[in-house]
Amino acid sequence: FLILFRTHVILATVSKTSAKIANGKDVRINDFIIMMDPEKGEILQEWDLVHMLDSARYGMTDYDLTSDPFAQSASNWAHNNGIVEWGDDYLATARYQGIFKFNKAGGIEWIISPHGYWRDKYLKLLLNPLHADGTPITDPEVIAGTKNCDDFEWPWGCHTAVPLPNGHILYFNNGYGRNFKLDFTDRKNIYTCGIEYEVDEVNRTVRQVWQYGKERGAAYFTPARSGVQYLEQTGNRLICPGMSNVLSNGNRGARVTEVDPETQDVVFELELEDAIYQRVYRMSLYPENQ
């Protein structure tokens, strides 16, 4: 996954064949980020997520998803799938660990993730959840991630966090492994949504201020891939489930949904039968300077 940003270098999420897990044999997957100069073909900087996030969190939970093709593994413990520049810092998503902000030196500034199973030294990095009215969520099960909350959702299988002009974060919440479970027969707990968070870095809190998708239920669920985009001209959001949606004809595929966040109206939707994609972007037909 790549992003070309204003300094004309490329940020990429990659694997490094020389990086192995503790057994010394298996290669770690999707847990490096590199900055490249595309003209010179040089790597300018490298970040190793094993030194930034809690790689030991894998295997500490009381559930087993290893039989599922999209499950976490010892090699694929983080699955970094999105990285974007945010001011002087960087905003990234790790499918199995959450959303995190880090600086150029690799220092983690905060993490949005259910608090369950993190080791003590990482707890100070975890943001504390708030209800929609701004009051603290105090239920320890909700904070840990083992119980749902009506007005707040932790990242589960997340993708594509992007900063919004108002300073908030928009991201795609797949809903995979919600509450540290994977039960496709639990139709009330299987859903996918786009979510907007407000982060207070001073008070170390996160509040959910908008979502779309939960109301569409299990038919809108996608276990992997997918993304979001903020549309600058209208302020609308693209919510893009990239696979396994139940389409209007009953077959499976992908969707592209444009939503007005003020009214929750769907102003455009495209169904793509038998399709699987990683990202969708709305692009102008004409160069911006013409």
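Since this is a predicted model, take the numbers as computed values, not measurements.
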For [X] and [Y], I'd like to know if the aromatic rings sit close, meaning centre-to-centre distance below 6.0 Å.
X	Y	answer
Y191	F221	no
F180	W156	yes
W77	Y96	no

### Message
Could you go through L127 and V199, starting from their C-alpha distance and side-chain angles, then the distance that decides it, and tell me whether this counts as side-chain contact (heavy atoms from CB on, under 4.5 Å)?
### Response
CA-CA 8 Å; L127 297 185; V199 170; 3.6 Å; yes

Side chains of [X] and [Y], heavy atoms from C-beta outward: is any pair under 4.5 Å?
X	Y	answer
L11	W47	yes
D139	K147	yes
F152	R207	no
N189	N179	yes
H131	C149	yes
H79	T93	no
V267	V259	no
P155	S113	no

Looking at [X] and [Y], what are the two nearest heavy atoms and their distance?
X	Y	result
L125	I108	CD2-O, 3.5 Å
V84	P163	CG1-CD, 3.9 Å
R282	Q229	N-OE1, 2.6 Å
D31	A78	CB-CB, 4.4 Å
N173	R178	OD1-NH2, 4.2 Å
N81	T160	OD1-N, 4.0 Å

### Query
Parallel, tilted or perpendicular: which fits the ring planes of W210 and Y212, with parallel below 30° and perpendicular above 60°?
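The arrangement is parallel - the two ring planes meet at less than 30°.
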
#### Entry: Flag, side chain of D48 to backbone of F32, donor-acceptor distance under 3.5 Å
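Side chain of D48 to backbone of F32: no pair is present.
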
### Query
Can any side-chain N or O of R95 pair as donor or acceptor with the backbone N or O of H159 at less than 3.5 Å?
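No, the answer is negative, given that no donor and acceptor are paired below the 3.5 Å cut-off.
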
### Task
State whether the number of non-hydrogen atoms from other residues, nucleotides or ligands found under 6.0 Å of K104 atom NZ is greater than 12.
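For K104, atom NZ is not crowded (no more than 12 foreign heavy atoms under 6.0 Å).
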
How long is the span from the [atom1] atom in [X] to the [atom2] atom in [Y], to the nearest 0.5 Å?
X	Y	atom1	atom2	value
S15	N76	OG	CG	8.0 Å
S248	E271	OG	CD	3.5 Å
E258	D260	CD	CG	8.5 Å
L53	I111	CG	CD1	5.5 Å
L130	T138	CG	OG1	11.5 Å

### Query
So if you build clusters from Ile, Leu, Val, Met, Phe, Trp, Tyr with side-chain heavy-atom gaps below 4.5 Å, do V50 and I21 land together?
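Not linked; separate clusters.
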
### Message
Please tell me whether V266 and I239 are part of a single hydrophobic cluster in this structure, the criterion being side-chain heavy atoms less than 4.5 Å apart.
### Response
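Yes; tracing contacts between hydrophobic side chains, which count when under 4.5 Å, links both residues.
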
### Query
Which pairs, with at least one residue in residues 215-230 and sequence neighbours excluded, count as a salt bridge (charged side-chain N to carboxylate O under 4.0 Å, His left out)?
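Output for this query lists R216-E269.
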
### Query
D133 and T135: side-chain donor and acceptor closer than 3.5 Å?
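Yes, T135 and D133 have a side-chain donor paired with an acceptor closer than 3.5 Å.
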
### Query
Does one side chain, of E273 or N249, offer a donor that lies under 3.5 Å from an acceptor on the other?
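The answer is yes; a qualifying pair exists.
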
### Query
Thinking salt bridges, do K214 and E153 make one under a 4.0 Å N-O criterion?
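Salt bridge between K214 and E153, a charged N being under 4.0 Å from a carboxylate O: no.
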
### Residue pair N236, F268: steps toward the side-chain contact (heavy atoms from CB on, under 4.5 Å) verdict
CA-CA 10 Å; N236 291 349; F268 170 84; over 6 Å; no

### Task
Run the numbers on Q97 and M52 for side-chain contact (heavy atoms from CB on, under 4.5 Å), then give the verdict.
CA-CA 11 Å; Q97 304 298 339; M52 299 162 64; over 6 Å; no

### Query
Knowing that exactly one of L170, T257, L231, V228 qualifies, which makes a side-chain contact (heavy atoms from CB on, under 4.5 Å) with R237?
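The single option meeting the side-chain contact (heavy atoms from CB on, under 4.5 Å) with R237 is L170.
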
### Test side-chain contact (heavy atoms from CB on, under 4.5 Å) applied to Y230 and H168, step by step
CA-CA 11 Å; Y230 171 75; H168 295 180; over 6 Å; no

